[in-house]
Asker: 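Take this structure first; my questions come after.
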Amino acid sequence: MRINRRRKVRGEIRAAIPGIALLSMSLATSGGCKTLPDVDRGMPVTDSAQTATQERLADRCSRPMIDDAVAAMARHLACDQLINADSPLVAGNKLTLLQDGPATYAAMFAAIRSARDHINLETYIFDDDEIGAQFADLLLERSAAGVQVNLIYDSVGGLLTPPAFFARLRDGGVAVLEFNPVNPLNERGGDWLLNNRDHRRQLLIDGHTAFTGGVNISDSYASAPLRHSRKGAPPQLSGWRDTHLRIEGPVVAAFQRMFIETWRRQNGAPLAPRDYFPALSPQGDQPVRVVGSSPRDPQNLIYLSLISAISHAQSQVHLTIAYFAPDPQLLQAMKQAAARGIDVVLILPSHTDSWAIFHLGRSYYTQLLRSGVRIHERRGAVMHAKTASIDGVWSTVGSTNLDWRSLLHNDEINAVILSHGFAARMGQMFAADLGESDAITLAGWRQRSLWMRVKERTARLGAYWL
C-alpha cells in the first residue's frame with residue numbers, strides 16, 4: 001500500500017511541477033522557452049582542422065543504404081561520430097545488461113561492498129523505504145571504513161524523502177549534495193529554475209566501475225515484473241520493468257568526469273581528495289560512448305544522436321520508452337523511417353504513474369500507426385526502461401525519455417554502444433518485452449472512447465512542460 005501511495009503522490013508532484021515552474025520561470029528569468037535543436041543544423045562544426053574530417057563523415061552518412069552488416073556498422077559509426085565529435089567512442093569495455101530492480105540492486109550492492117577508495121552516486125529518486133535503507137546502510141558502512149562517499153540527489157525527486165534521511169548520511173560522513181534545491185533560498189548556483197532537474201542515474205565505484213540506466217532507488221523496483229501476464233487482464237502490482245547497465249573499462253572515466261562536473265556546477269563543497277581517475281585497462285571488447293545532456297548545453301546531443309540513428313536506419317528501429325511525448329522532428333524521423341520500409345517498433349507502457357505524459361503520448365498514436373510504425377503496450381508492470389536498438393548495431397541505455405522534460409529540462413546521461421554482440425542481447429530483451437505486450441492496431445485505436453480522446457487533447461495543452 002505504501003508503494004501505491006508513493007506512486008500516486010509522485011505522479012501528482014510531476015503533474016504540479018509545470019504550473020510551479022511557470023511561476024519560477026517568470027521570477028527567475030525573462031528569457032523565452034528553450035527549444036530543441038534543428039536536426040538539419042544540429043551537427044556541430046568545431047575548429048577548421050576538423051572540418052575536412054566532418055565533411056568525409058557526412059559523405060559516408062549520406063551514402064545510399066546497402067544490405068551489409070559491416071557497411072551498417074560503418075554508417076552508424078560515421079554518423080554518431082559526426083554528432084559527438086567531442087565525446088569519443090572508447091574501446092575495451094565490459095558490459096553487463098541488467099534487467100529490472102532485483103538484478104540491478106544485487107550488482108550495485110556487491111559493487112558498493114567492494115569499494116576501497118570512493119563511491120560517487122547520482123540519482124533522481126532516493127526513497128526512504130526498504131531499498132533506500134539498504135543503500136543508506138551500505139554507504140554508511142563503507143564511509144565508516146574510510147571510503148569517501150559522494151551523493152547527488154535531485155531536490156524534486158527527493159521531495160518524499162524526509163530531511164532526516166539525508167541528515168543521517170551526512171552525520172555518517174557522506175558528502176551529500178541536493179541538486180537545484182526546490183527552495184530558492186537554498187540555491188547555490190545562481191541560476192535557480194525549478195523545472196531543471198537532475199534525472200541522471202549513475203553509480204561509480206573506485207573510478208573503474210560504472211552503473212547507469214533507468215533504475216531509481218525505490219521499493220517500486222524491489223521485485224521483478226510479472227511474466228506471461230494475461231492479455232486483457234487489469235494491471236497487476238509487481239516490480240517496475242526497467243533496464244540498467246554495469247560498465248567496466250576505460251569509458252568509466254567519462255562517467256566520472258560528468259559526475260564531478262555536476263558537483264562543481266552545483267557549487268558543492270570541494271570533493272575530498274581521492275583517486276578519482278585511476279589508470280584503466282581494457283576489460284572487454286565493447287566500444288562505448290557516454291553522451292550527457294543538460295538544459296545549459298547549446299545542443300542536446302542525446303536527442304541529435306537518436307534522430308540521426310533513426311534517420312540513417314537500414315532495417316529496424318526498436319524503442320522501449322517509459323515516457324513518450326515526441327516533438328515534431330522525432331515524429332517525422334520515425335514516420336519517414338517507416339515509409340522507407342524500416343521496421344519501426346515502439347514498446348510503451350499500458351499504464352504509468354503520470355497520466356498526463358501517458359495520454360500525451362497516446363495522442364500521437366493515430367499518425368504513427370497510419371505511417372506504418374508498430375506500437376505495443378507492456379502489460380502488467382509499469383514500463384520504465386529507456387532503451388533503443390537500431391539495425392542490430394547502434395544501441396543506447398540511459399535515463400533519457402522521449403518527452404519534452406527529458407529533452408529540454410533535465411540533466412540526462414546515456415551510454416551509446418556500437419556493437420553487433422551487444423545489440424543481439426538488446427534484441428533478445430526487446431523480444432521478451434514484446435511477448436509481454438499488446439499490439440495497438442489502427443482499427444482498434446479508432447474505436448477508443450470520447451473520454452480518452454478528451455484526455456489526449458487536454459494533455460497536449462501542457463506538452464512543453466510535462
Asker: Do the side chains of H384 and Y221 get nearer than 4.5 Å, heavy atoms only?
Answerer: yes

Asker: Which residue is it: L348, I375, I347, L346? I am looking for the one with a side chain to side chain contact (heavy atoms under 4.5 Å, CB included) to S437.
Answerer: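 Output: one option passes, namely I347.
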
Asker: Within a strict 4.5 Å, meaning less than it, do heavy atoms of the W445 and R362 side chains meet?
Answerer: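 Counting from C-beta outward, W445 and R362 do come under 4.5 Å.
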
Asker: Set out, in order, the CA-CA distance, both residues' side-chain angles and the distance that settles side-chain contact (heavy atoms from CB on, under 4.5 Å) for V291 and T396, then state yes or no.
Answerer: CA-CA 10 Å; V291 185; T396 187; over 6 Å; no

Asker: Should S350 and D438 count as side-chain neighbours, where that means a heavy-atom distance under 4.5 Å?
Answerer: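 A side-chain contact under 4.5 Å is absent here.
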
Asker: Under 4.0 Å between a Lys/Arg side-chain N and an Asp/Glu carboxylate O for R241 and D100?
Answerer: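 Looking at D100 together with R241, the answer is yes, because their closest N to O distance falls below 4.0 Å.
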
Asker: Taking all non-hydrogen atoms of both residues into account, name the closest pair between H359 and A459 and its distance.
Answerer: C-CB, 4.1 Å

Asker: Can you name the side-chain hydrogen bond (donor to acceptor under 3.5 Å, both in side chains) partners of Q367, sequence neighbours left out?
Answerer: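 Expected list: K335.
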
Asker: Compile the donor-acceptor pairs under 3.5 Å between side chains in residues 162-170 and protein atoms, sequence neighbours left out, one pair per line.
Answerer:
from, atom 1, to, atom 2, distance (Å)
R168, NH1, D137, OD1, 3.3
R168, NH2, D137, OD1, 2.7

Asker: Go through the steps for K386 and E412 under the test salt bridge (charged side-chain N to carboxylate O under 4.0 Å, His left out), then give the verdict.
Answerer: CA-CA 11 Å; K386 309 99 166 50; E412 305 281 6; over 6 Å; no

Asker: Are Q316 and V345 packed together at the side-chain level, in the sense that at least one heavy-atom pair is separated by less than 4.5 angstrom?
Answerer: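 No; the side chains remain at least 4.5 Å from each other.
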
Asker: Can you check side-chain contact (heavy atoms from CB on, under 4.5 Å) on I342 and Q336, steps first, answer last?
Answerer: CA-CA 9 Å; I342 307 302; Q336 288 180 343; over 6 Å; no

Asker: Indicate yes or no: at least one non-hydrogen side-chain atom of N93 is less than 4.5 angstrom from one of E248.
Answerer: no

Asker: Work out which heavy atom in Y303 is nearest to a heavy atom in L330; give both atom names and the distance.
Answerer: OH-N, 4.2 Å

Asker: How close do N300 and S406 get, heavy atom to heavy atom, and via which atoms?
Answerer: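 Smallest interatomic distance, heavy atoms only, reads ND2-O, 4.2 Å.
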
Asker: When you measure from the side chain of R246 to the backbone of M108, do you find a donor-acceptor pair of N or O atoms at a distance under 3.5 Å?
Answerer: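 It does not hold such a pair.
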
Asker: Can you confirm whether T243 sits close enough to M429 that some side-chain heavy atom of one is under 4.5 Å from a side-chain heavy atom of the other?
Answerer: yes

Asker: Establish, for the pair R460 and Y364, whether the NZ or CZ atom is under 6.0 angstrom from the six-membered ring centre and no further than 45 degrees off its axis.
Answerer: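 Checked: cation-pi criterion met.
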
Asker: Looking only at the aromatic ring of each residue, does the gap between the centers of Y323 and F358 stay below 6.0 angstrom?
Answerer: no

Asker: Short question: side chain of R200, backbone of F259 - any donor-acceptor pair under 3.5 Å?
Answerer: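 Checking the backbone N and O of F259 against the side chain of R200, no donor-acceptor pair under 3.5 Å is found.
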
Asker: Identify whether the distance between the nearest side-chain nitrogen and carboxylate oxygen of R264 and E261 falls below 4.0 Å.
Answerer: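 Yes, this pair counts.
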
Asker: Any side-chain to backbone donor/acceptor pair from H351 onto G380? Under 3.5 Å, distance only.
Answerer: yes

Asker: Hey, does the side chain of S399 reach the backbone of G214 with a donor-acceptor pair shorter than 3.5 angstrom?
Answerer: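 The answer is no, because no donor-acceptor pair under 3.5 Å joins these two groups.
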
Asker: Please check: side-chain N/O of S155 versus main-chain N/O of V182, any donor-acceptor pairing under 3.5 Å?
Answerer: yes

Asker: Using modelled atom types only, decide if a donor and an acceptor are shared between the side chain of T262 and the backbone of M258 within a distance under 3.5 Å.
Answerer: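 Yes, the answer is positive, given that a donor and an acceptor are paired below the 3.5 Å cut-off.
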
Asker: State, to 0.1 Å, how close I321 and T387 come at their nearest heavy-atom pair, and which atoms those are.
Answerer: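 Looking at all heavy atoms of both residues, the shortest contact is CD1-O, 4.1 Å.
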
Asker: Looking only at non-hydrogen atoms, find the nearest pair between P328 and W404 and report the distance.
Answerer: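 Minimum heavy-atom separation between P328 and W404: CD-CZ2, 4.1 Å.
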
Asker: Show the numbers, then the answer: is there a side-chain contact (heavy atoms from CB on, under 4.5 Å) between F422 and L245?
Answerer: CA-CA 11 Å; F422 184 78; L245 197 60; 3.8 Å; yes

Asker: Ignoring hydrogens and angles, state whether a donor on the side chain of N410 or Y124 is under 3.5 Å from an acceptor on the partner side chain.
Answerer: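 Short answer, no.
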
Asker: Could you walk me through whether F324 and L319 pass side-chain contact (heavy atoms from CB on, under 4.5 Å), step by step?
Answerer: CA-CA 10 Å; F324 178 71; L319 306 177; 5.8 Å; no

Asker: Just wondering, do R405 and R197 contact through their side chains at under 4.5 Å, heavy atoms?
Answerer: yes

Asker: Using atom types as modelled and distance alone, determine if a side-chain donor or acceptor of D219 lies under 3.5 Å from a backbone N or O of E130.
Answerer: yes

Asker: Compare every heavy atom of T161 with every heavy atom of F126, then report the nearest pair and how far apart it is.
Answerer: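 In terms of heavy atoms, the two residues are closest at O-OG1, 2.6 Å.
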
Asker: With distance as the sole criterion, is a donor-acceptor pair present between the side chains of W394 and D80 under 3.5 Å?
Answerer: yes

Asker: Side chains of Q134 and Y105: is there a donor and an acceptor less than 3.5 Å apart?
Answerer: no

Asker: Do side-chain atoms of R201 reach the backbone of H199 as a donor and acceptor pair under 3.5 angstrom?
Answerer: yes

Asker: Just so I know, are the side chains of L407 and T400 near enough to count as touching, which here means a heavy-atom distance under 4.5 Å?
Answerer: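 In contact.
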
Asker: Could you check I112, N150, I217 and say which one makes a side chain to side chain contact (heavy atoms under 4.5 Å, CB included) with L121?
Answerer: I217

Asker: Using modelled atom types and a 3.5 Å cut-off, is there a donor and acceptor pairing between side-chain atoms of D411 and backbone atoms of S294?
Answerer: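 A pair under 3.5 Å: no.
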
Asker: Hey, does the side chain of S311 reach the backbone of S308 with a donor-acceptor pair shorter than 3.5 angstrom?
Answerer: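 A pair under 3.5 Å: no.
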
Asker: With no hydrogens and no angle check, do the side chains of N414 and R289 hold a donor and an acceptor under 3.5 Å apart?
Answerer: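 No - no donor-acceptor pair under 3.5 Å links their side chains.
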
Asker: I need the L418 CG to H420 NE2 distance, nearest 0.5 Å.
Answerer: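 Answer for the CG-NE2 pair, L418 versus H420, is 9.5 Å.
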
